[in-house]
J.: 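One structure is given below, represented as structure tokens, and several questions about it will come after.
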2 protein chains.
Amino acid sequence: MTRGGKRTGAGRPTGTGQYGEETKPVRVPVSKVNAVKDFIKNETELPTLPLYGSDVQAGGPTPADDYVENQINLHDYVVERPAETFFVRAKGQSMKNIGIGDGDLMVVDRSIAPRNGHVVIAAVDGDLTVKRLNKTTDCLELLPENEEFQPIRVSSEQHCHIWGVVTNVIHRV
Amino acid sequence: MTRGGKRTGAGRPTGTGQYGEETKPVRVPVSKVNAVKDFIKNETELPTLPLYGSDVQAGGPTPADDYVENQINLHDYVVERPAETFFVRAKGQSMKNIGIGDGDLMVVDRSIAPRNGHVVIAAVDGDLTVKRLNKTTDCLELLPENEEFQPIRVSSEQHCHIWGVVTNVIHRV
DNA sequence: CATTTTATTTTTGTTACATAATTCAAAATA
DNA sequence: TATTTTGAATTATGTAACAAAAATAAAATG
């Protein structure tokens, strides 16, 4: 006894797969199969988050989407030249006045030519320090941003190398 | 005319493929096929950068790899719960003392239950503000971190909603 | 009408296959 | 004999194909 016949509209709907999208087999080295699967899932969640301006007018429990200025990817926001950028953890409070505190993560770009006024990472006789650069014809000064600290005057006998210019600071509150 | 016969050792050797390893087909959403291929070849610039401790002993032009503490992905470093996290740009200097300045990007986690001492994003009568939370049985206070500013005492007639707790600040230097 | 059964259609992991790539050895050539 | 050409052997690689699972609608049943 047949129950047959065409059933238009029946069947699993398209887009009900785990990716909501067509898939295609790709050959992957066996050692990376799991990493690739993770990669696919992690990339599915965009690494961007909404940015709300602080002039938002709202009282609701969640900021309204109207006020989203932008979706921001932190990495892109903070690093311009990945190949030339690295992080250094700050030590001490000598730059406190400009918001660099002990333990903060500094983003350093080594491709920026250091100029006076730049906040730089300098290695003086092998010791790393963050300071504001002030170079005159006579001497090289490294200025703190905290009255409790003294400027460093680098003598000609001392070894000093500028590693890069600090572009951003990430501060745990 | 035959040129035949057994040829032991002939043929393409194993491991001469582009990955030097056995491969296996994996289903990938079509929009990510290229990203996955890049990922396999490691041509994807990983969004991680090296972190150097500030106790590095070095004088060379580039920090030595020995001193790399870690490869850091900024996004992961700063956001714990992506679905519950958003950014707000700071306005004004009322929290200057703890390193939050005008224009800084604040990372806000709305899943953290706000407690006294937490730095929170509050909407008071529709105005957004960053302050330190101090709630007593009688009243709710929002304390600045700058002597030039006054605490905000939220009266019972006023609308106040805490949007979330500030966990990190990104500061352009 | 509610529930169960059957049919239909898409997803998904894997196998299979045709073609490309790479190497070895025999045959042809110089 | 030394070198080049040709054919055979073997693995790599992209994709078609297949089978099982999943999801839904229609039909049958009570």
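Reminder, nothing fancy here: chain letters follow the sequence lines and each chain counts from 1. These numbers were taken from a predicted model, which means no experiment stands behind them.
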J.: Which atoms form the tightest heavy-atom contact between B/Arg132 and B/Met95, and what is the distance?
T.: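 Scanning both residues, the minimum pair turns out to be N-CE, 3.8 Å.
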J.: Listed by chain and number, what are the side-chain hydrogen bond (donor to acceptor under 3.5 Å, both in side chains) partners of B/Glu157, not counting sequence neighbours?
T.: none
J.: Give me the atom names and distance for the closest heavy-atom approach of B/Asn168 to B/Val78.
T.: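 Heavy atoms only, the tightest pair is ND2-O, 3.4 Å.
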J.: Does the side chain of A/Asp104 pick up a donor-acceptor pair with the side chain of A/His171 at under 3.5 Å?
T.: yes
J.: Less than 3.5 Å apart, any donor N or O on the side chain of A/Asn97 or A/Glu145 sitting next to an acceptor on the other?
T.: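 No, because no side-chain N or O of A/Asn97 sits under 3.5 Å from a partner of the opposite role on A/Glu145.
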J.: Rounded to the nearest Å, what distance is computed from the CD atom of residue A/Glu21 to the C1' atom of nucleotide C/dT12?
T.: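 Value for this atom pair: 15 Å.
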J.: Both B/Pro13 and A/Pro13 contact DNA chain D. Which one's nearest nucleotide lies toward the 5' end?
T.: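 Whichever sits nearer the 5' end wins; that is B/Pro13.
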J.: Output one letter per nucleotide in nucleotides 13-20 of chain C: B when a protein non-hydrogen atom lies under 4.0 Å from the base, S when only the sugar-phosphate is that close, - when neither is.
T.: BBBB----
